[in-house]
Amino acid sequence: MAKLHPMLRSQLYASSSVTRTDSNTQMPAPLDTSFCVVFVVVDATDQWNMYLSPQKQAIPAFVLSAFLKGKQAARKQCFFCLLLSCPHHFLLCILEEPCPCALVLLGAHTRVLSLCTSACPCSCEPPALGVPMAELVATMVVGPLLSIVKEKASSYLLDQYKVMKGMEEQHEILMRKLPAILDIITDAEEAAAHREGAAAWLQAVKKVAYEANEVFDEFKYEALRRKAKKQGHYKELGFNVVKLFPTHNRFVFRKRMGKKLCKIVQAIEVLVTEMNAFGFKYQQQPPVSSQLRRTDHSTTDQEEVKEIINESRANDKSEIVSTLVGQANNADLTVVPIVGMGGQGKTTLAQLVYNEPAIEKHFNLLLWVCVSDCFDVDSLAKSIVEAAPKKKDPGTEAAASKKKTPLDCLQDVVSGQRYLLVLDDVWARQVQIWRQLKARLQHGGIGSAVLTTTRDGGVAEIMGTVKAHDLVALEDKFIKKIIKTTAFSRFKKAEERPTELVGMVDKIVERCAGSPLAATALGSLLCTKTSKEEWEAISIRSNVCTEETGILPILKLSYNDLPSHMKQCFAFCAVFPKDYEIDVDKLIQLWIAHGFIQEKQVRLETVGKQIFHELSSRSFFQDVKQIQATVEEIVYDGSCYSRTTCRIHDLMHDVALSVMEKVCALATMEPAKIESVVTTEESSQSEWLPNTARHLFLSCRDPAKKLNSSLKNSSPAIQTLLCDTYMSSSLQHLSKYTSLQALQLCSQRRSFQLKPKHLHHLRYLDLSRSRYIKALPEDVSILYNLQTLNLSGCESLCRLPRQMKYMTSLHHLYTHGCPQLKCMPTDLRKLTSLQTLTCFVAGSDPNCSKVGELGNLNLGGQLKLRNLANVTEVDAKAANLVNKEIRELRLTWNFRWDYYETSWRDNEEHAKVLENLKPHDGLHAIGIQSYGATTFPTWMTMLQNIVEIHLFNCRKLVWLFSGECDTSFAFPNLKELMLKGLVCLEKWWEIDNDGMQGEAMMFPLLENLHISDCVKLKALPGHPTFPKLQNVCIKKCPGLATTAKSPKLSVLKMEGREVELFLWVARHMTSLSNLELTTIEQSTDTTSMGAENSLREMVNVKENGNDQDFPLEVLVLKDTESVVSITELCACFVHLQDLSIWSCDVLVHWPETLFEGLVYLRKLLIRHCNNLTGYAQASVEPSTSPETRQLLPRLESLTIRSCESLVELFNVPASLRTIDISNCSKLESTFGRKQQQGESVSSIHQGSCSIERLTLYSCNGLTGVLHLPQSLKRLDIDNCGGLTSLESCSPELPSLEYLELWECKTLSSLPDGPQAYSSLQHLRIRYCPGMKTLPASLQQRLGSIEEEYVDARLYGYKPRPMLLKPKTWKYVCKG
């Protein structure tokens, strides 16, 4: 006879379906264990009941037994495993067979299945049931959610303000049940990885935990509301509070919340009953702080791992670099694919190639874009454009680019440039999209290349133009090095490593199958294990990486080994798109906002940083780096000095998604092309936003429209909403955002779109870059839970809410980059939790907070104090900066520095204020602006840890450092020094003019030096030897003379006398790669002699070395007074690739002698050379040798601006791709005289047959016919009034894609031919009255061109576009 399992017996006794009613009491019916089949009935509400065989018709046990035994013999599996594989029967089998504990529901109701299933005692692998168990490897995280509920339920605020009055009994039950679940939750999470019933139970717990969190958030908010009311907030708000608090009536609140709490308690009780049936075991968990190991070594480990990988991939790198450089003369675009398995190191190899000096030297434009699975041509083109360096002098081009398509902008970026574009992680086999993209990329210069990484060989076949580089597995010796480096990182010496563990490394190596990511993940995991048994367990649990499974099983194993709170923190990162650059501080603030970090003894931000570093050390985060703000960003935009960012490897991102796929939703493309990580089977819901979604990230165009349409038919409890693009439309369905805890909006509207009354649970609010918002609504101050408020970059923001003092939960307030902000709200000192305040504006109004209110606030990080003219000495002292751990401090006496400002208030007052604003000794960066005193306080010379010093417009400052301090001090850690507008600065130290008397080297670590507008400064400080100096910019300092030596100097931008300039160059010729020289005075006999001597010194250095010793590639010369100087200077640098000559009035004729030596030059810019005309008369005679006429043989780009006397060009080489000429009013020809003399029209173009882009602006000297090369792809002619006709030796112009003619008043005809303009996609012709109609071939193309903007009269027989006839609009603009 079969025996009932005790677990099922207890459930059957408790079931109402198997009870009988006696005369007086209801007692459990005795069980007849002769029956071995139990039916399970599942009703529509997902409630299940068990029935014994006598009550229902049942399959006889012997029939089922015989059936299963037959299958067992055939398949050689144990009885338990056969039961698992038996489909489509709604029954439980209790049979006394080899597996007496087998209680299995056969079918799809997995919740009941695992509730009644014990572990199989045999060693075989049970077959998967329904969903494969492998998909459940990444452990579900529920424990931290319950901990958050428990923490909120036990808050002292609930008792203090009696918000749970009348609900004490339910509260007490809940406080008993929650610890019971928490005791076993770890065991349940582990069981869920291989028991579907446990997973289903955890999902139910998770759902209830989310609901309970919201309920207790409401209790907490009510408590905070009552607290604020008691303190007078209602009165000060000054409007009808009933609109803000519709449920503020205590009776209504108690009744409403009582129902919600009862529902939660009932659900918890059911879960506890089910929990007992599982028999989960208690596992004690250490506190969070004790689970954080020391990660001081993690950065070192990562650097060592990088070095190992660099060594292992040296041959691969060399091969790819050779391929790319070897295509230097290839006119077609080269595409090199790197193909390999995920985690094999494709991206790392691409980075090695990208950062190789030979690559940086060979290409003049480097671009990197991550593609992933979002291969949309417009968004990809936009990403490439954004990756390009920003132009310093964009002019009207920036405004014009706003009207261009992303593909047009991409073409502009690459045109004429020899570039390397890395397309990382390409997935999609999109042939048509790649063709569109490639058509624009082909406009680059000769030798341009694309390096792409992909896991898909099919992608490589579509994109590649050369053989793909197949990335093979890393050799075992390198995998072994990686594992040892990470696993034994806590041991400083190799001999300290445990021998028995070292001996197990070889076995672990086999598991990695040559994947560096797998090796790093496993090594980081093993670093947390100290015993042989733990290592063996990891070895057994880690599957061998295969081509089919990849390394995901190992990564999931690493994830499962994390403590629960770390799992939750990392899994949340699934909300970000793949390869997204994550701001680390923002990420930690989001963790805290959602309550993922629960710690009472240590500041939450500190614990958050420890968690981040721990996850980083385990390879969950990568590319952790500190980004420094540029000087322009600091001064004009108010940006932070620095911020830390990171990324997540796409496979690690997959691990996070496997845990959060039903909770996170991403919209990362254009609205019509959105893909999401969630799916839903219900047709009534939005495709990308199901009701299970709680964390949303949108970076599509106008995310408000997407949200509005999606929320019409769904009501998810959205907790996180991160919109990374500008939001121009208004949000609707505002009441559906009541669950929000974190919100990021970048609004283009003038007001805050959401209503604070719907945002009671909000902890994180980021409105940064919302440039049109002038003020936040006053009722923002009712957001009592708000912890982070980011208003940085809100350029129009004038004021903050006056009642901010009631926002007592506020930890971080970002107000930098808000130039219109006039003051800070009153009583700022009451925000006692405030840790970050990036900008404090000292107002003159008595209702504003004074700087002294910062005194008791425990601030750190970045702080800027603005309008210090309104600050007194007393307030400055009360601010107590010396006791605040501020790392970056900026002090300004007015917002914008002004060279012409002459009125100053009492200078002594400035000095007293600054003296009392002495910062903490740990300060890393300081900026002082518009300071009006003559000296700095002594504490300026005592900043031992200072790394950056920026001084702007301190117009009265005479010396920097007081003589009262120790002159042996040398700023040992200073890396960046900027002095700008210190017009009275004469010397560095008060006591002497030559610097320090001691032996210490001044600024031994200085890397960047920028000095400008310091007209009285005579010398650099101390003994001017700067061993680390790499970047120097000295401008408008006519008296500055120096003999500085910097062996690593690579970038020099300097204004001065030629004698000084050439001496600087002579001392650094072997290290300079980028040089800009500006001459600032007229020559005299004496200065000319000195300049000649300095130039001779340069020539001597050149003669004593070889060409390879002088790496200069970029040279800019301004106001040079001698053509000889230019020629000899250029002759010293034979590898010059980019030459710009500005304002050189002595340049009259094209310097053929100079050009003959520049055989590697690729870019030439001539600007404001007013006397330049063209060839000298003596050079008119044609040369007998064609080779000698070829100047600048590698030139690809020629730009000439504002050369008013220029008549003709030189003989342009065949390599030229781009010509851009503007404001040359006397120019008569776009080709050299030698190219035209005695030659036919068709032969004129022999020397310029490769020109692809021609731009002419305001060149009225060009008259008559302009001959165009047939290779032309883009033609822009603007304001050239003398042209009458455009002609080409090939009238077809087969390659022309872009044609723009603007204000060419006499132009009357264009080339024509049967197949002309076949490639044309963009046409703009305006204000050309001489042109009566378009050529017939161009007429036929109208309507099929992507973008048309043409005067209406030119349409001929085509319908004239009319405002009230939309069908005719297509003839004007399509796109």
Side-chain angles (χ1 to χ4, degrees), residues 631-639 641 815-824 828 837-846 848-854 859 862-882 884 886 888-919 923 925-940 943 946 948-962 977-985 1012-1014:
V631 174
E632 291 77 14
E633 289 172 337
I634 294 171
V635 177
Y636 299 108
D637 301 335
S639 298
Y641 281 98
T815 50
H816 59 276
C818 302
Q820 302 302 319
L821 194 60
K822 299 298 188 294
C823 66
M824 308 304 287
L828 206 65
L837 176 60
T838 56
C839 183
F840 182 99
V841 184
S844 56
D845 193 286
C848 299
S849 282
K850 305 297 182 184
V851 167
E853 296 203 32
L854 302 180
L859 298 177
Q862 177 194 358
L863 174 63
K864 177 179 179 180
L865 300 181
R866 244 178 61 200
N867 294 354
L868 286 173
N870 296 326
V871 175
T872 64
E873 177 184 0
V874 175
D875 277 334
K877 187 173 183 178
N880 193 26
L881 295 190
V882 71
K884 303 186 191 304
I886 295 170
E888 302 169 357
L889 177 65
R890 288 193 63 208
L891 306 171
T892 68
W893 270 258
N894 68 321
F895 181 67
R896 301 282 186 188
W897 52 281
D898 183 359
Y899 286 117
Y900 304 102
E901 185 177 350
T902 56
S903 61
W904 295 91
R905 57 176 297 177
D906 185 7
N907 292 341
E908 292 184 3
E909 184 65 21
H910 286 208
K912 291 176 182 178
V913 169
L914 186 57
E915 177 69 44
N916 286 282
L917 291 175
K918 179 182 178 181
L923 191 71
I926 187 168
I928 300 177
Q929 187 173 319
S930 300
Y931 174 69
T934 57
T935 62
F936 278 145
T938 56
W939 58 257
M940 277 289 290
L943 299 173
I946 200 73
E948 298 178 19
I949 296 178
H950 297 165
L951 305 177
F952 303 101
N953 201 34
C954 302
R955 296 175 61 85
K956 296 294 183 72
L957 200 65
V958 177
W959 61 77
L960 294 182
F961 311 122
S962 170
L977 175 63
M978 172 169 288
L979 309 178
K980 201 167 185 178
L982 278 60
V983 295
C984 292
L985 184 68
S1012 64
D1013 299 291
C1014 299

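Heavy-atom basis, side chains included; hydrogens, waters and symmetry copies ignored. Just so it is clear, the structure is predicted and the values come from calculations on it, not from any experiment.
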(request) Taking all non-hydrogen atoms of both residues into account, name the closest pair between Val871 and Ala876 and its distance. (result) CG1-N, 4.0 Å
(request) Could you tell me the separation between the CZ atom of Arg890 and the NE2 atom of His950, rounded to the nearest 0.5 Å? (result) 9.0 Å
(message) Among residues at least two apart in sequence or on other chains, which ones pass side chain to side chain contact (heavy atoms under 4.5 Å, CB included) with Cys848?
(response) Cys823, Asp845
(request) State the NZ-OG1 distance between Lys864 and Thr838, to the nearest 0.5 angstrom. (result) 9.5 Å
(request) Might you point out which heavy atoms bring Ser849 and Phe840 nearest each other, and give the distance in Å? (result) O-CZ, 3.4 Å
(request) Could you tell me the separation between the CD atom of Glu909 and the CG atom of Leu868, rounded to the nearest 0.5 Å? (result) 11.0 Å
(message) Is any side-chain heavy atom of Cys984 closer than 4.5 Å to one of Thr934?
(response) no
(request) Report the residues that fulfil side chain to side chain contact (heavy atoms under 4.5 Å, CB included) with Val874, sequence neighbours left out, ordered by chain and then residue number. (result) Thr872
(request) Kindly give the heavy-atom pair with the smallest separation between Pro937 and Tyr931, and that separation in Å. (result) CD-OH, 4.3 Å
(request) Might you work through the side chain to side chain contact (heavy atoms under 4.5 Å, CB included) test for Leu982 and Leu951, ending with a clear yes or no? (result) CA-CA 8 Å; Leu982 278 60; Leu951 305 177; 4.2 Å; yes
(message) Looking at every non-hydrogen atom in both residues, tell me the closest pair between Leu865 and Leu917 and how far apart they are.
(response) CD1-CD2, 4.1 Å
(message) Tell me every residue that passes salt bridge (charged side-chain N to carboxylate O under 4.0 Å, His left out) with Glu853, counting only those two or more places apart in sequence or in another chain.
(response) Arg829
(message) To the nearest 0.5 Å, what is the distance between CD1 on Ile886 and CD on Gln862?
(response) 10.0 Å
(request) Could you walk me through whether Leu863 and Lys884 pass side chain to side chain contact (heavy atoms under 4.5 Å, CB included), step by step? (result) CA-CA 10 Å; Leu863 174 63; Lys884 303 186 191 304; 5.6 Å; no
(message) If you apply the rule side chain to side chain contact (heavy atoms under 4.5 Å, CB included), what do you find for Trp939 with Glu915, and how did you get there?
(response) CA-CA 8 Å; Trp939 58 257; Glu915 177 69 44; 4.0 Å; yes
(request) Tell me, please, which residues at least two apart from Lys877 pass side chain to side chain contact (heavy atoms under 4.5 Å, CB included). (result) Asn916
(message) Quick check: closest heavy atoms across Ala842 and Asn867, and the distance to 0.1 Å?
(response) O-CB, 3.3 Å
(request) List the steps and the verdict of side chain to side chain contact (heavy atoms under 4.5 Å, CB included) for Ile949 and Leu960. (result) CA-CA 11 Å; Ile949 296 178; Leu960 294 182; over 6 Å; no
(request) Looking only at non-hydrogen atoms, find the nearest pair between Cys954 and Ile928 and report the distance. (result) SG-O, 3.8 Å
(message) Working to the nearest 0.5 angstrom, can you tell me the gap between Met940 CE and Ile946 CD1?
(response) 7.5 Å
(message) Are Thr892 and Ser930 packed together at the side-chain level, in the sense that at least one heavy-atom pair is separated by less than 4.5 angstrom?
(response) no
(message) Tell me every residue that passes side chain to side chain contact (heavy atoms under 4.5 Å, CB included) with Thr935, counting only those two or more places apart in sequence or in another chain.
(response) Trp959
(request) Check whether any side-chain heavy atom of Trp893 sits under 4.5 Å from a side-chain heavy atom of Leu914, and report yes or no. (result) yes
(request) Indicate yes or no: at least one non-hydrogen side-chain atom of Asn880 is less than 4.5 angstrom from one of Val882. (result) yes
(request) State, yes or no, whether a side-chain contact exists between Leu891 and Val913 at a heavy-atom distance under 4.5 Å. (result) no
(request) Look at the side chain of Thr815 and the backbone N and O of Cys839, then say whether any donor-acceptor pair between them is shorter than 3.5 Å. (result) yes
(request) Find the distance between CG (Leu889) and CG (Leu923) and round it off to the nearest 0.5 Å. (result) 6.0 Å
